[in-house]
Amino acid sequence: MARHRQTTGRGASSSASGLVRPHRPRLSEPDELAHFAGGEDPQEVAAAASRLAHALVAGGRAEEDPEVVERLVGLVRELGVETLAELWADAPPVSLAGALWRLYALQEATARDGERWAAWYRAGHAAYASRVVAGAVEPPGPAELRRLTDTILTGAYRSEIDVAFERAAAYARVVALGQVEHAEGSEAAAPDRAAALTRRAARLVSTADALEAAGRAFRDGSLD
């Protein structure tokens, strides 16, 4: 099975090299990475952000210290979702940087609003055939879903990254289906809220589509 070549050497000589080392990622202080994210040249920032994504994944997979992977999984908690958004939110959806951003965004949204995400997941769980792929326990609560998103991210740095993308996509689809169920249930009493929730579900489905496409691209060696 074809695998994408991780560009570690090129990243080590780039502006991203001050942020990570290919074989032992050094997670920068939040203000350092935030300064990098807010660079003036969008093309340069985009290229460096892509190199950073590849270097983080390559370094995490080469690293034997579980504490390093734990820090990578907790990156959004350490640096803040806004910093990662500046780096990766505008990356092409079917790219390593874009897919990593979606993994961290799902992790952050689940942690920030766990009760509602758990309710949406429960609502969509029984109706979605791919729930086994997502891998959550039944019945899931906020803590279980936080562990699930952490496990998915750990898989991106420890095992098969395409499987991590597919598990995250399955999770997003379950939650999106639950949002639609909740929207339909509240449409008569709160049509505006139902419409907003339906739009959120559509965005989550788009997230799932992008993650699945990234997984396919990784397998055929075309993931940038």
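Residue numbers count from 1 along this sequence.
Both Val81 and Trp88 are assigned to one and the same hydrophobic cluster, defined by single-linkage of ILVMFWY side chains at heavy-atom distances under 4.5 Å. Val175 and Val180 fall into different hydrophobic clusters, where Ile, Leu, Val, Met, Phe, Trp and Tyr residues are linked whenever their side-chain heavy atoms come under 4.5 Å apart, directly or through other members. Phe165 and Leu148 fall within a single hydrophobic cluster, where Ile, Leu, Val, Met, Phe, Trp and Tyr are joined by side-chain heavy atoms under 4.5 Å apart, directly or via other members.
A donor-acceptor pair under 3.5 Å links the side-chain atoms of Ser206 to the main chain of Ala202, judged by distance alone. Formation of a donor-acceptor pair under 3.5 Å by the Glu181 side chain with backbone atoms of Ala123 is not found in this model. Formation of a donor-acceptor pair under 3.5 Å by the Arg219 side chain with backbone atoms of Asp162 is not found in this model. No donor-acceptor distance shorter than 3.5 angstrom exists from the side chain of Glu86 to the backbone of Thr83, with no hydrogens or angles considered.
The heavy-atom pair separating Ala172 from Ala208 by the smallest distance is CB-CB, 4.1 Å. Closest non-hydrogen pair, Ala164 versus Ala156, comes out as CB-N, 3.7 Å. For the pair Gly124 and Leu177, the tightest heavy-atom approach, listed with the atom from each and the gap, is O-CD2, 3.7 Å. Shortest non-hydrogen contact noted between Gly60 and Val69 is O-CG2, 3.9 Å. Of all non-hydrogen atoms in Gln179 and Leu197, the two that sit nearest each other are O-CD2, 3.4 Å. Summarising the geometry of Thr198 relative to Ala183, their closest heavy-atom pair is OG1-CB, 3.5 Å, with the distance given to 0.1 Å.
For Ala143, the side-chain contact (heavy atoms from CB on, under 4.5 Å) partners at least two apart in sequence or on another chain are Arg146, Arg147. Remark: Gln107 engages Asp150 in a side-chain hydrogen bond (donor to acceptor under 3.5 Å, both in side chains) (not counting sequence neighbours). Every residue two or more places apart in sequence or in another chain was checked for a side-chain contact (heavy atoms from CB on, under 4.5 Å) with Glu82, and none qualifies.
The number of heavy atoms from other shown groups lying within 6.0 Å of CG (Asp113) is above 12.
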Point to revise | Derivation and outcome, side chain to side chain contact (heavy atoms under 4.5 Å, CB included), residues Thr151 and Arg167 | key: CA-CA 10 Å; Thr151 298; Arg167 293 185 69 193; 3.7 Å; yes
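Atom CD in Glu212 sits 11.0 Å away from atom OG1 in Thr207 (nearest 0.5 Å). Atom CZ of Arg216 is separated from atom CG of Leu211 by 10.5 Å, given to the nearest 0.5 angstrom. Atom-to-atom distance recorded for Leu75:CG and Glu70:CD is 13.0 Å, nearest 0.5 angstrom. Once rounded to the nearest 0.5 Å, the distance linking CD1 of Ile161 with CG of Leu223 reads 7.5 Å.
Within the structure, every pair that satisfies the salt bridge (Lys or Arg N to Asp or Glu O under 4.0 Å) test and touches residues 185-211, not counting sequence neighbours, is listed here: Arg173-Asp209.
Between the side chains of Thr110 and Tyr171, at least one donor N or O lies within less than 3.5 Å of an accepting N or O.
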Expected list for residues 94-106: side-chain donor-acceptor pairs under 3.5 angstrom, two or more places apart:
residue	atom	partner	partner atom	Å
Ser95	OG	Pro92	O	2.6
Ser95	OG	Gly98	N	3.0
Arg102	NH1	Gly98	O	2.9
Tyr104	OH	Leu72	O	2.5
Tyr104	OH	Tyr157	OH	2.8

